[in-house]
2 protein chains.
Amino acid sequence: MPRRPIEKAPEAPLDKTRPTSGLTLIDVAKVAGVSPITVSRALNRPELVSDLTLEKVRRAVALVGYIPNMQAGGLASKQSKLVAVFVPTIAHSIFSDMVQALMDQLGEAGYQSILGVTGYSLEKEESLLGAILGRRPDGIVLMGTEHSALTRQRLASSGIPVVETWDFCEDPIDILVGFSHEAVGKAVAGHLHDKGYRRFSVVSASDARGIKRCKGLVSELSERGITEVPQVIFTPPATLKEGRAGLSQLFSAGSNPEVVVCSSDTVAQGVLAEAASRGLRVPEDLAVMGFGDMGSAAQLYPALSSVRLDGARVGGLIAKVLLERFRNQGDHQAPVRIDTGFTLIDRVSA
Amino acid sequence: MPRRPIEKAPEAPLDKTRPTSGLTLIDVAKVAGVSPITVSRALNRPELVSDLTLEKVRRAVALVGYIPNMQAGGLASKQSKLVAVFVPTIAHSIFSDMVQALMDQLGEAGYQSILGVTGYSLEKEESLLGAILGRRPDGIVLMGTEHSALTRQRLASSGIPVVETWDFCEDPIDILVGFSHEAVGKAVAGHLHDKGYRRFSVVSASDARGIKRCKGLVSELSERGITEVPQVIFTPPATLKEGRAGLSQLFSAGSNPEVVVCSSDTVAQGVLAEAASRGLRVPEDLAVMGFGDMGSAAQLYPALSSVRLDGARVGGLIAKVLLERFRNQGDHQAPVRIDTGFTLIDRVSA
DNA sequence: GTAAATAATGATTGCGCAACCATATGTATG
DNA sequence: CATACATATGGTTGCGCAATCATTATTTAC
């Protein structure tokens with residue numbers, strides 16, 4: 001192993017700190033007997049290099065165990081190959097299918113994801129953004145369309161492709177891939193009303209999107225002549241516990257609902273559990289409607305009616321749009337607004 | 001806003017062609033009227049800079065909206081401030097509390113996390129590692145202690161602090177923070193046996209840790225004279241569906257268990273659902289034991305007995321150990337092996 | 001009052017890589 | 001046979017920053 005004689009420090013301390021990581025293009029180039037830049041090309045644009053050279057380089061890379069330093073590459077090329085993804089939470093989340101699909105597909109294209117957990121707080125989102133912009137991500141994905149003024153301003157002026165998702169609005173920052181929560185609320189109201197339900201109630205988290213769905217529901221019901229909709233609104237995160245407590249609160253407030261519309265399947269599970277513990281039959285005594293159609297909804301007993309969002313599809317769409325943007329950098333980019341829609345899933349519970 | 005005319009740059013043309021990302025230390029330095037390196041110091045080691053200068057720099061940073069380029073900083077300082085976290089899945093996962101706590105605490109110390117989703121596959125883990133090592137993370141966190149030979153070799157020779165977690169073994173790569181799954185299996189067996197159960201059965205995912213728990217259970221039962229333990233082993237991911245199917249399979253195979261020990265609370269929920277659909281009373285007709293004590297366990301009806309792992313605490317411990325390592329780089333590092341233990345939670349279901 | 005220590009700032013260098021341009025070699029075209 | 005023209009490779013430069021050393025005020029010690 002060639003030791004580099006340095007002008008000072010004759011007793012160079014054994015660098016046990018960084019064995020493999022000390023390797024550079026130059027080391028590989030020496031072994032392969034080509035110039036460093038040829039090694040770079042062989043790795044990044046192999047079509048520009050002759051088969052013979054390619055083979056030599058590949059052999060050398062494998063021999064010395066070289067792993068390119070993406071920090072250096074990114075600095076030189078101004079591409080980080082990083083996408084920042086902001087989610088409210090990762091625990092038991094309705095977003096996880098979407099995030100997983102997104103990460104998978106970005107990963108296949110050589111992009112890695114850095115996750116920011118905002119805890120449903122716009123302030124947290126803002127401070128996280130400050131930290132993450134330092135990494136110069138090639139793209140940013142945000143849940144929802146509500147952001148602080150500074151967040152919006154920074155994002156807009158950053159020149160980085162931004163995707164807002166899991167909601168819909170008229171004035172997105174950049175790219176929009178999502179669905180209307182008001183429309184979900186209205187659709188649920190219409191569907192349940194058509195099935196004959198009249199005494200509605202809501203147990204919902206107080207996050208922006210839950211509130212929107214609730215408003216949509218109330219508005220549609222009101223058009224159908226129903227104005228009394230008792231609601232229990234709680235602070236996220238949504239857990240079974242909130243669901244159980246929610247139903248209890250409704251009863252103890254004197255409500256006598258036929259159907260409880262919940263802001264998530266998890267909340268609905270809590271309502272189901274509470275109903276079971278009170279000996280209520282579902283849906284005869286009490287109907288329950290979920291949201292999200294997580295895998296569990298179909299498997300519960302009784303099977304939970306819900307609203308399917310197909311997170312994996314949404315995640316895939318986002319990845320596709322982003323990768324498209326990355327490919328045509330500089331070109332004029334047509335604005336992208338995709339409504340991913342939703343599907344009512346009619347099962348036993350409502 | 002008091003502007004101080006400095007000896008140079010009277011016509012410093014703020015180039016608005018590049019949004020925010022074009023700004024460098026030099027731009028800030030010009031505005032602040034100091035040298036670039038002083039700006040760097042003011043941001044990274046403010047204690048070395050006079051209050052007056054600090055103020056000038058801060059004002060300039062805010063004025064121009066400068067955000068340091070961490071790629072460049074990392075290249076120069078050989079610190080990425082990045083921690084790679086490998087998880088089998090992020091969806092509805094038992095790991096999410098741990099990951100969230102880990103990310104939170106690392107984030108407070110200025111470290112961001114990059115997530116790798118391995119899908120319970122050692123090959124995927126290996127290929128992801130290849131991609132992620134290119135980022136030169138300052139630390140790596142892995143679920144479990146089973147890894148491919150190449151993964152182990154690469155990690156060991158990378159010189160990067162590695163944490164293996166959520167399991168325990170005798171020969172960790174580097175740092176180990178976890179608990180013994182065999183011990184969990186034995187403890188569950190002992191506990192249920194003491195409560196009087198004799199006809200055991202298992203519904204478990206086939207992941208390495210689930211199998212270990214199963215083995216521990218069987219071994220302890222065998223010491224207590226019980227040799228017949230029907231098992232249903234399925235391929236991850238674990239969902240309610242697997243739980244329902246698992247119980248069905250047990251019955252259709254002619255088993256008549258008193259208690260079903262499950263590899264996760266989610267599976268247990270599935271078993272509960274299947275039991276409910278068959279009109280079985282829990283625990284009178286069939287007892288059910290979960291694993292993980294996710295928030296939902298206590299809220300189910302009937303409340304689910306389980307094994308608590310306290311993921312948040314584990315995540316916090318990992319962050320603490322890692323940050324400690326980062327602080328004392330170069331010094332000799334004592335090996336770290338932490339057994340985080342577990343707690344049996346006795347509720348209604350078993 | 002001078003030497004020594006401290007505090008505050010600046011100048012230079014190089015981290016590892018890709019963009020850009022320049023330079024060989026061939027290979028078709030008339 | 002010369003001009004164009006593609007194919008393959010190398011040289012040089014700079015990305016934005018922090019480490020290292022050098023320098024200048026400012027204070028302290030005796």
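Bear in mind the structure is a predicted one, so any value in this text is a computation, not a measurement. A, B, ... follow the sequence lines: proteins, then strands. Residue 1 opens every chain.
- Nucleic acid contact class of A/Pro36 (heavy atoms, under 4.0 Å, all strands): none.
- The main-chain N or O of A/Arg136 is found under 3.5 Å from a side-chain atom of A/Ser80 such that the two form a donor-acceptor pair.
- Checked by atom type and distance alone, the side chain of B/Gln105 never pairs as donor or acceptor with a backbone atom of B/Gly315 at under 3.5 Å.
- Comparing C/dA19, D/dT9, C/dT9 against the side chain of A/Ser77 picks out C/dA19 as the nearest.
- Put simply, NZ on B/Lys78 is 11 Å from P on D/dT20, counting in whole angstrom units.
- In this structure, of D/dC17, D/dT9, C/dT9, it is C/dT9 that holds the atom nearest to the side chain of B/Thr38.
- Applying side-chain contact (heavy atoms from CB on, under 4.5 Å) to B/His147 and the options B/Glu126, B/Arg154, B/Glu164 leaves one that passes, B/Glu164.
- Contact annotation: B/Ser40 side-chain N/O to D/dA18 OP1/OP2 distance is under 4.0 Å.
- In this structure, A/Ile26 atom CD1 and C/dG16 atom P are separated by 8 Å, rounded to whole Å.
- When the P atom of C/dT23 is taken as reference, atom CG of A/Leu48 falls 20 Å away, rounded to whole Å.
- A residue-by-residue look at B/Leu54 and A/Asn69 shows that B/Leu54 has its nearest nucleotide of DNA chain C further toward the 5' end.
- As a whole-Å value, the separation of B/Arg135 CZ from C/dG16 P is 17 Å.
- The backbone N or O of A/Val83 sits nowhere less than 3.5 Å from a side-chain atom of A/Asp138 that would complete a donor-acceptor pair.
- For D/dT9, one of the phosphate oxygens OP1 or OP2 lies less than 4.0 angstrom from a side-chain nitrogen or oxygen of A/Thr53.
- Between D/dG10, C/dA18, D/dA8, one nucleotide has an atom nearer to the side chain of A/Asn44 than all others, and that is C/dA18.
- As a whole-Å value, the separation of A/Gln71 CD from D/dC17 P is 13 Å.
- Closest contact between the side chain of A/Arg41 and the listed nucleotides C/dC20, C/dG10, C/dT9 involves C/dC20.
- Distance, A/Asp51 CG to D/dA8 P: 8 Å, rounded to whole Å.
- Checked against C/dA8, C/dA11, D/dA18, the side chain of B/Ser50 finds its nearest nucleotide in C/dA8.
- Atom CD1 in B/Ile37 sits about 12 Å away from atom P in C/dT9, given to the nearest Å.
- Rounded to whole angstrom, the span from the CG atom of A/Leu75 across to the P atom of C/dC15 amounts to 13 Å.
- The A/Val34 side chain lies nearest to D/dG10 when the options are D/dG10, D/dG14, C/dT9.
- For the pair B/Thr89 (side chain) and B/Gly119 (backbone), a donor-acceptor distance under 3.5 Å is absent.
- For D/dG16, neither phosphate oxygen OP1 nor OP2 lies less than 4.0 angstrom from any side-chain nitrogen or oxygen of B/Thr24.
- Ranking C/dA18, D/dG16, C/dT9 by closeness to the A/Ala76 side chain, first place goes to C/dA18.
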